[in-house]
Amino acid sequence: MTIAWDALIEDDWRRSREALQDDYDHLARQLGRRGIDIRVVQAKAEAFVVAVPSWGVATGGTRFARFPGPGEPRNVFEKLEDCHLINRLVRITPDVSLHIPWDEPDDPAALRAFAAERGLTLGTTNSNTFEDQPGQAHSYKFGSLAHTDPAVREQAIAHNLHCMALGTKLGARAHSVWIGDGGNFPGQHHVRRALDRYLDSLRAVYAALPDGWRLFIEHKLYEPAFYSTVLNDWGVSCHCARELGPRAFSLVDFGHHAPNVNIEMVVARLIQFGKLGGFHFNDSQYGDDDLDAGSIKPFQLFLVFNELVGAADEGVPGFDPAYMLDQSHNVTDPIESLMVSAMEVQRAYVQACLVDRAALDAAQGRNDAILALAALKQAFTTDVTPLVAMARRARGGAADPVAVYRAGRYRDLMAKERPAPQRRGAGIV
Ligand code: RM4
Ligand code: MN
Ligand code: MN
């Protein structure tokens with residue numbers, strides 16, 4: 001059985017078009033008064049893309065429990081089916097990040113073709129040396145790339161090389177490394193030596209980076225190591241990326257910072273030092289909560305995009321960050337969460353495009369804090385909903401993706417088509 005998505009998208013459009021057009025016209029006039037052509041901004045919205053994580057389409061779970069939903073994907077092909085539907089409705093997520101070995105294909109060419117038939121690319125491989133796999137020679141219990149035992153480090157390096165070799169067959173262009181290495185207790189590991197070992201291992205990974213690829217390294221303050229981690233913050237990450245070479249960059253996962261860290265500052269500094277590789281978008285109240293992007297601190301997301309749009313406008317050399325979502329869904333339908341999150345990231349981007357940079361520059365020059373903040377707030381408080389909805393519509397997506405998704409009753413269908421229990425390790429973190 002198939003679902004008539006095109007008809008559902010049209011129904012939704014017919015229902016909403018009049019109100020939407022009205023709101024759009026109003027916004028066009030409002031922006032016109034500020035000297036902004038809505039069509040120019042809409043073109044930017046239409047060109048915006050953010051990758052979805054293959055591991056995000058299944059329910060995540062916590063260390064306490066996992067409550068799987070009906071019809072969850074059981075393998076990488078089914079994950080791509082879900083990703084395809086997401087992109088079909090929102091039209092800004094044509095790229096999927098894969099996690100190896102969770103998504104290890106028997107036949108890489110077949111997986112690549114399966115994705116391409118659905119208009120999807122597989123742009124980034126993510127390695128996993130934070131858990132053990134069946135039959136593995138050495139355990140990662142006490143670390144991987146930074147382990148004290150060279151045999152464990154070799155195994156972790158080999159896994160990363162495998163990911164990149166696989167990625168070349170899948171058409172990927174980047175490899176992303178996050179490790180769980182660190183200590184749970186003071187004194188457990190030698191802080192400086194652990195970082196030296198990590199860097200030595202990463203040099204071997206970097207040396208094998210395929211032509212035209214970028215290497216992303218992802219810092220994280222804590223978890224699973226609760227006292228100290230090897231790549232603990234953006235400064236250490238930036239240092240390591242510099243040590244490695246011009247194709248190594250820092251990746252910023254929003255949840256990997258202490259509460260109240262000024263992430264837009266982190267982003268600005270990495271831009272300034274030529275080492276911003278990309279993002280794992282999500283949101284959090286406390287730690288690596290992996291909640292939906294923009295759900296807790298939408299103003300922070302906007303401020304990050306304010307830095308990004310500012311850098312793009314200025315033509316900062318080498319500035320080309322990769323945008324990816326990295327979330328774990330526990331109480332929502334993962335497809336809905338990923339659609340909403342992608343749209344929230346797009347919204348923040350579009351709002352940042354509305355910042356009156358001349359006014360902001362002038363206010364900064366005069367040290368006028370009130371008007372500087374006002375320039376940002378004017379953009380942030382502009383409701384761009386009709387603009388992004390029209391952008392979606394122009395690309396063949398749904399005016400209201402969640403409404404269309406619910407009308408299609410995809411989960412009910414999948415519950416019948418995907419009855420088997422999910423395999424362990426298939427993206428459950
Ligand atoms: C980590 C980190 C990585 C992700 C894993 C599953 O906290 O965010 O990017 O691959 O979780
Ligand atoms: Mn991440
Ligand atoms: Mn994380």
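Counting convention: from 1, in listed order, for ligands and their atoms alike.
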Between Thr148 and Arg193, do the side chains contain an N or O donor and an N or O acceptor separated by less than 3.5 Å?
no
For atom 6 (C) of ligand 1, the option (of Gln327, His99, Glu131) bearing the nearest heavy atom
His99
Does His256 have a non-hydrogen atom less than 4.0 Å from ligand 1?
yes
Taking the cut-offs as 6.0 angstrom to the six-membered ring centre and 45 degrees off its axis, would you call Lys377 and Phe299 a cation-pi pair?
yes
Glu72 and Thr59 side chains, donor-acceptor separation under 3.5 Å
yes
Going by the rule ring pair (Phe, Tyr, Trp, His ring centres under 6.0 Å), which residues pair with Phe319 if we only count those two or more places apart in sequence or in a different chain?
none
Is there a polar contact between ligand 1 and Asp326, counting only N or O atoms under 3.5 Å apart?
yes
Would one find more than 12 heavy atoms of other residues, nucleotides or ligands at under 6.0 Å from atom CZ of Arg411?
yes
Sphere of radius 2.8 Å around the Mn ion (ligand 2) - protein N, O or S atoms inside
Glu218 OE2, Asp253 OD2, His280 ND1, Asp326 OD2
Test of proximity, Asn126 against ligand 1: N or O pairs below 3.5 Å:
no
Checking heavy atoms under 4.0 Å, the part of His280 that sits near ligand 1 is side chain
Near Asp253 (heavy-atom distance under 4.0 Å), the atoms of ligand 1 are 8 (O)
Between His99 and Phe130, ring centroids under 6.0 Å:
yes
Tell me whether Trp178 has any N or O atom under 3.5 angstrom from an N or O of ligand 1.
no
Under 3.5 Å, is there a donor on one side chain and an acceptor on the other for Asp288 and His256?
yes
Is it the case that the side chains of Ser337 and Gln327 hold a donor-acceptor pair, with the cut-off being a distance below 3.5 Å and no angle test?
no
Roughly how far apart are Phe302 CZ and Thr381 OG1, rounded to 0.5 Å?
8.5 Å
Ignoring hydrogens and geometry beyond distance, is a side-chain donor-acceptor pair present between Asp326 and Trp55 at under 3.5 Å?
yes
For ligand 1, which atoms, with element, lie under 4.0 Å from some heavy atom of Asp288?
7 (O)
